[in-house]
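Here's the structure, in structure tokens; my notes come after.
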Amino acid sequence: KAGVTQTPRYLIKTRGQQVTLSCSPISGHRSVSWYQQTPGQGLQFLFEYFSETQRNKGNFPGRFSGRQFSNSRSEMNVSTLELGDSALYLCASSLRQASYGYTFGSGTRLTVV
Amino acid sequence: QQQVKQSPQSLIVQKGGISIINCAYENTAFDYFPWYQQFPGKGPALLIAIRPDVSEKKEGRFTISFNKSAKQFSLHIMDSQPGDSATYFCAASNAGGTSYGKLTFGQGTILTVHP
């Protein structure tokens, strides 16, 4: 059974650019969450999608957005990149509608220069 | 009120010893408390989780102890092995409510097990 797949694994972008990260959840999982991981702030929740609807959102600026497709695959977009957006972006999926048992992918390492 | 405080930040244990990591929370609406293990270059992997209706849960060498009145929970790793060397995160959520995918994580503990 394949795990959560995130692409690309590494990304280098310039300040002011935008970036799109992709997440394919475990087959059958309908809930997808996104997290940002940095050494200073740790793991912080970005947003969660279930059946193409955003049900929850963390305290991040509007430059951070996401969406989920009918096959449960999800993308997150960051516009007008800032140096502080450099982080490991993690996607997690869960089978259940309630928020138990999330399985994380290996993440996308974004570096903004 | 959303914070989860984790200690210690780092821990060094000899092979065969017991590793203990502690977490404290404030939000009484939290009803799900998982522990994750993360190796370098990988995402966090779910180790073990507990709900507040039980005081202890054991899976192999890993045990969660939960104290609802003190709002604290801890991870015990028995017979620690060098392969357990990783970063451990506690987390909490109102999984049965409206937290929808939101886990509140502790700051992490870097565990090193010496052979």
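Values in this document were obtained by computation on a predicted structure and should not be read as measured data. Throughout, protein chains are lettered first and strands after them, A, B, ... in sequence-line order, and every chain is numbered starting at 1.
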Contact part of A:Phe104 toward chain B, heavy-atom cut-off under 4.5 Å: side chain, backbone, both or neither?
-> both
Gap between atom OH of A:Tyr35 and atom NZ of B:Lys102 - 0.5 Å precision = 8.5 Å
How long is the span from the CG atom in A:Leu43 to the CZ atom in B:Phe105, to the nearest 0.5 Å?
-> 5.0 Å
Region of A:Tyr49 that comes under 4.5 Å of a non-hydrogen atom in chain B = neither
Same apolar cluster (I L V M F W Y, side chains within < 4.5 Å links), B:Ile20/B:Met78 | yes
Atom CD of A:Gln44 and atom OG1 of B:Thr104: how far apart are they, to the nearest 0.5 Å?
-> 10.0 Å
Can you check whether anything in residues 37-49 of chain B gets within less than 4.5 Å of chain A, heavy-atom wise, and list it by number?
-> B:Gln38, B:Gly41, B:Lys42, B:Gly43, B:Pro44, B:Leu46
Under a 4.5 Å side-chain heavy-atom rule over Ile, Leu, Val, Met, Phe, Trp and Tyr, are A:Val78 and A:Val112 clustered together?
-> yes
Flag yes if more than 12 heavy atoms outside A:Asn59 fall under 6.0 Å of its CG atom; otherwise flag no.
-> no
Would you please name every residue forming a ring-ring contact (aromatic ring centres under 6.0 Å, His included) with B:Phe73, sequence neighbours left out?
-> B:Phe33, B:Trp35
Could you please state which residues from residues 9-24 of chain A sit under 4.5 angstrom from chain B, measuring non-hydrogen atom to non-hydrogen atom, sorted by number, or 'none'?
-> A:Arg9
Select one option (side chain, backbone, both, neither) describing which atoms of A:Ser33 are under 4.5 Å from chain B's heavy atoms.
-> side chain
Proximal component of A:Leu88, with respect to chain B [non-hydrogen, under 4.5 Å] = side chain
With hydrophobic residues grouped by side-chain heavy-atom distances under 4.5 Å, do A:Phe45 and A:Tyr102 end up in a single group?
-> yes
Do any of residues 8-17 of chain B come closer than 4.5 Å to chain A, heavy atom to heavy atom, and if so which ones, in number order?
-> none
Taking all non-hydrogen atoms of both residues into account, name the closest pair between B:Tyr100 and A:Asn56 and its distance.
-> O-CB, 3.4 Å
Could you state whether B:Ile50 and B:Ile77 fall into the same hydrophobic cluster, counting links through intermediate Ile, Leu, Val, Met, Phe, Trp or Tyr residues with side-chain heavy atoms under 4.5 angstrom apart?
-> yes
Given that the side chain runs from C-beta out, which part of A:Leu90 has a heavy atom under 4.5 Å from chain B: side chain, backbone, both or neither?
-> side chain
In terms of hydrophobic clustering (I, L, V, M, F, W, Y; side-chain heavy atoms under 4.5 Å; direct or indirect links), are A:Phe50 and A:Trp34 co-clustered?
-> no
